[in-house]
Amino acid sequence: MSRFFAGGSDSDSDSSSDSEPVIRQQVAQFTFSDEEEDVKRIVRSKKEKRYEDLSNIIKSIRNHKKIKDMSSVLTSFEEFMRAYTKALPVVMKEENGVTPRIVVRALAELEDFVNESWDDKDSRKNLSKNNNKALGTLRQKFRKYIKDFESDMKRFRAAPEDFAEEEEDDEREDEKGSDEEEEKVVVQVEPKAVSFKKEPEKVKPVKPVADSDSSDWGSDSDSDSTSSDEDAKYTSIRDRFLKKPEKGTEEISSTPSGVPGDDAFKKEKKKKTGETLSKKKKPKQDEMFDENEEEEEGWKVVNGTRSGASEQPKMFAKDAEIDTKLVVNKLNEVMAARGKKRTDRKMQIEFLRELRTVAETNNLGPAVAVKIRFNIVSAIFDYNPKVSGAMKLEHWSKLLEEIQELLKLLLAHEDVHLSESILDEYEEYDTAPFKIRGCMLTAVERLDDEFTKLLKECDPHSNEYVDRLKDEVPVTNIIEQVVTYVERLGNEMEICRIYLRKIDHLYYKFDPEVLKKRKGQLPANTITSVEEMDKLCRYIYAKDQTDRLRTRAILSHIFHHALHDNWFQARDLVLMSHLQETIHHSDPATQILYNRMMANLGLCAFRHGNIKDAHLCLVDLMMTGKPKELLAQGLVPQRQHERSLEQEKIEKQRQMPFHMHINLELLECVYLVSAMLLEIPYMAAHEFDARRRMISKTFYQQLRSSERQSLVGPPESMREHVVAAAKAMRHGDWNACANFIVNKKMNVKVWDLFYEANRVREMMIKFIKEESLRTYLFTYSNVFASISVPHLADMFKLPKSKVHSLISKMIINEELMASLDDPTETIVMHRSEPSRLQALSMQLADKVTNLVDANERIFEMKQGNFFQRGGNQGYNRDRQNYRNQNQNQNWNNNRRQDNRNRGNRGNQNRGEGREQREHHRDHHRDQREHREHQREFREQREQMRNVEYQNKAE
């Protein structure tokens, strides 16, 4: 019978004779519940009440921390702040302003919890949205609140064991009953073997109903007897469930409470609590090893991974015969777990390495070794779960070693064919030629991508970046070996792909041997990077079947030519490929390469002195104001919601490594100087032209913003230097202009970055002199009647032949109305240029004429046109007749009214409609004659001006 029946026992019916009947207390049929009279009122002091509130809140905070309920922790912390504010008067009175130890300890624990939770980014990602938000709010409030307890926190960190006593007292108060019971069990019962015999049940004294209702339930003889024996064995619940009790537990359990050993037990417990607090600062792994050293037998450290198997499986049976089939089957078994959720990737790599060792020990041949090494490479690639993130350095170094060893095997054994076209069932490991499924080219492409990710992860201004950049040497060596291997296979598509990888590591590097060979300083048979690039790109042009590889090869080829000052070859490639028409259909990476090519082509044109070509190449990049983003050299901060997080992540993946960047300040300086050399002479030639256009909007804005400033100091930045030089050029002061462009500060910032910087500086000063001369003639030609050519040559430090050439070009292009007198070496001005007042008056006349024409057109739309010719003549006539009919109808109505009031006066109004029409005809005829007269006047004025120019020219 179940023990849940009154007076029942869970023992069998056979043992019912052994037990004595239980006497029941008779219960009244009606009982009155008056709890208020039974409950005894307890009067507590204010200190006890406040401290109890604080301790309850601290307990709730600890409970919430265990389950990482950040929202509840935040709520409890806010309650704690309010409760402590209420308890402050009590603390100031009772504790003399000293913060209670339980409060200091709770704040220290909460600080550790907040810091650990915030630093653990992986667990933060797994938190819910509310908990994540609550953690940030809690961290902010806690850091602000903890400032008032800095001294107390320092004391706690220095000696945590001093703050353990109060916590122990709290624990004793909470678990007072359980501790007393445990101590009693220790005193009464000695450790002995567990007996499975049933002992006779003792009759307990019957208690009244008001005290307890336990008499309604039967006793459990089995559980009482067994639990008493087991409880005597263990002093705590923790010891009950431990595999092996700690050292000293049995000694403590044998010491009865109340005897002299009790004080020693308490001191030992307090000492252990202090040691536990001091060990909290240690890492978990160190703490585990410390416990192992203290214990005699200790615990076994297990692997904390999510894999199902806690122990490493055995490779082969002891008596198994190791052959190729067995190793390949084991390899397939290991690789079958690849990509699964509960696969331990690290264990998989170790397992493959052990398998490789077994294969090498048993000499299973090169095919098995290649297969295992290729799978090890794939497993190392899989170890990094994030596709966008870079792998760890230790795995990177192992990856380089494995690929190098794999390539050595492939190049040493020509009968081993590794191809992705071979199916798994057709693989051959025993007889040559060996056939293995896999693609070496794909592995090397992935290796190259991982190398780029590693460079992007590093700080470009640190030594770490330099160390990572040193790995480019083994990477390029691996690509060279793969080129040899793929050329041996003869697959044209794979050859194009590996050639492009080689081009990507070659096109942006400057080779000084190219210029030395051009000058004849090196033998003619020397192979330079330009010749190597030409060979690789020509093969891709001929064999590639995809537009992307060919496009990227052309762009890289142009970039490399421009880098080595092969201006005409680079320009011809751009014009013949027509890439500027189709590049907007390409992928973003190819568009970035196109922008880099145009930037480098502009620099090459500038070095060659082609100012217009340099400006045309750079204007598309610089007009947008975002050259940094277009060249993939960084992200410009934008307003909120202009770029989403996903877009920003994608753009960061497209960024170029730092060592491949183009100097943006150099690029902008070249653009502004080119714009200055083109814009300033044009502005001087068309100063009073209302319809003049801007050659460079960016340069024009810089110039206008400088002119609007009330106070302009000496130039400091690169832009200010160019603007100051432009102002000097407008006045024809070439010396000041050259000093602003070429000086010590600008040399360090810009011009020294060029190869052969002195030649570039000399070229720039020559162009500044020439354009300053042109600007001077445009500006002051109406002041002079004639100018001496030797005087101009001396003023601008130019040869006479150069001055003569410049002036002749200006006269031929009708930019300067003058003639050259060779015997006297003078320039005779024709004074055809209008003065400033004349130019402004002509602009005013043109604008007034345009305004009059516009007003006449508006008037015609309102009044109508009787003399219009064309297809709409009938429509206008019908509309006019309709208007006249309405007018005649109104006039007839007015006539009838006048006849009634004043008599018959209708004969006077009969001809008003005819007179009105005649008036309109006369008005429009006058307007037409006026416009014809103005047109004839303009034509006569143009004819007279042309005749005057011809007479002066003759």
Side-chain angles (χ1 to χ4, degrees), residues 307 309 311-340 343-383 394-444 446-447 474 477-478 481-482 484-491 494:
S307 60
E311 296 181 359
Q312 184 177 354
K314 295 180 180 180
M315 182 68 67
F316 299 108
K318 291 182 180 180
D319 54 349
E321 183 180 354
I322 307 299
D323 57 356
T324 302
K325 185 177 180 181
L326 185 64
V327 171
V328 171
N329 290 337
K330 196 66 177 179
L331 177 64
N332 293 332
E333 179 186 345
V334 173
M335 296 308 295
R338 178 184 177 188
K340 292 186 178 179
T343 302
D344 186 355
R345 297 184 178 92
K346 187 175 180 181
M347 185 69 71
Q348 191 179 27
I349 295 172
E350 295 299 328
F351 207 94
L352 289 171
R353 286 179 177 167
E354 187 177 348
L355 195 62
R356 180 191 64 194
T357 306
V358 171
E360 291 175 354
T361 306
N362 292 274
N363 296 322
L364 296 181
V368 177
V370 168
K371 181 69 174 177
I372 295 174
R373 285 189 181 275
F374 187 79
N375 285 315
I376 291 175
V377 170
S378 302
I380 295 175
F381 279 132
D382 293 342
Y383 191 82
E394 52 186 13
H395 300 138
W396 168 252
S397 58
K398 293 176 182 177
L399 181 64
L400 284 177
E401 294 175 2
E402 292 293 340
I403 291 183
Q404 287 172 349
E405 293 295 328
L406 177 58
L407 283 170
K408 285 181 183 178
L409 281 173
L410 289 173
L411 293 174
H413 300 84
E414 295 185 1
D415 53 353
V416 177
H417 297 289
L418 182 68
S419 175
E420 59 184 350
S421 61
I422 300 173
L423 300 179
D424 292 333
E425 54 267 22
Y426 296 114
E427 289 183 337
E428 181 63 44
Y429 299 99
D430 297 328
T431 59
F434 304 106
K435 296 180 180 180
I436 305 168
R437 179 173 175 79
C439 184
M440 194 66 219
L441 180 58
T442 306
V444 172
R446 180 80 184 273
L447 173 76
N477 291 336
I478 288 172
Q481 293 175 356
V482 175
T484 306
Y485 175 72
V486 174
E487 286 176 349
R488 190 180 71 191
L489 295 179
N491 190 336
E494 291 186 355

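Fair warning: this is a prediction, and the values are worked out from it, not measured in the lab.
Residues E428 and A367 approach most closely at O-CB, 4.3 Å, considering heavy atoms. The two residues A369 and L409 make their nearest non-hydrogen contact at CB-CD1, 4.0 Å. Considering every non-hydrogen atom in both N375 and L352, the closest pair reads O-CD1, 3.8 Å. Taking all atoms of both residues into account, the shortest heavy-atom contact from F374 to L418 is CD1-CD2, 4.1 Å. Pairing each heavy atom of Y426 with each of K435, the nearest pair is O-CB, 4.1 Å. In this structure, L441 and V482 approach most closely via the heavy-atom pair CD1-CG1, 4.5 Å.
For the pair R338/R345, no side-chain contact is recorded, criterion being any heavy-atom separation below 4.5 Å from C-beta on. With a 4.5 Å cut-off on side-chain heavy atoms, L400 and I478 count as touching. Counting heavy atoms from C-beta on, the side chains of L489 and H417 come closer than 4.5 Å. For the pair V327/L355, a side-chain contact is recorded, criterion being any heavy-atom separation below 4.5 Å from C-beta on.
A distance of 9.5 Å separates CD in E350 from CG in D344, rounded to the nearest 0.5 Å. Between the CD1 atom of I422 and the CZ atom of F434 there is a distance of 12.5 Å, given to the nearest 0.5 Å. Interatomic distance, I376 CD1 to Q348 CD, rounded to the nearest 0.5 Å: 10.5 Å.
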TODO: Evaluate side chain to side chain contact (heavy atoms under 4.5 Å, CB included) for M440 paired with V486, printing each intermediate quantity in order.
DONE: CA-CA 9 Å; M440 194 66 219; V486 174; over 6 Å; no
Open item on the list: Apply side chain to side chain contact (heavy atoms under 4.5 Å, CB included) to residues L447 and W396 and explain how you reach the verdict.
Closed with: CA-CA 9 Å; L447 173 76; W396 168 252; 3.3 Å; yes
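Look at E360 and R373 and you find a salt bridge, because one of the NZ, NE, NH1 or NH2 atoms lies within 4.0 Å of a carboxylate O, short of that distance. Using a 4.0 Å cut-off between a side-chain N of Lys or Arg and a carboxylate O of Asp or Glu, K398 and E401 do not qualify as a salt bridge. Between R356 and E402 a salt bridge is recorded (basic side-chain N to carboxylate O distance below 4.0 Å).
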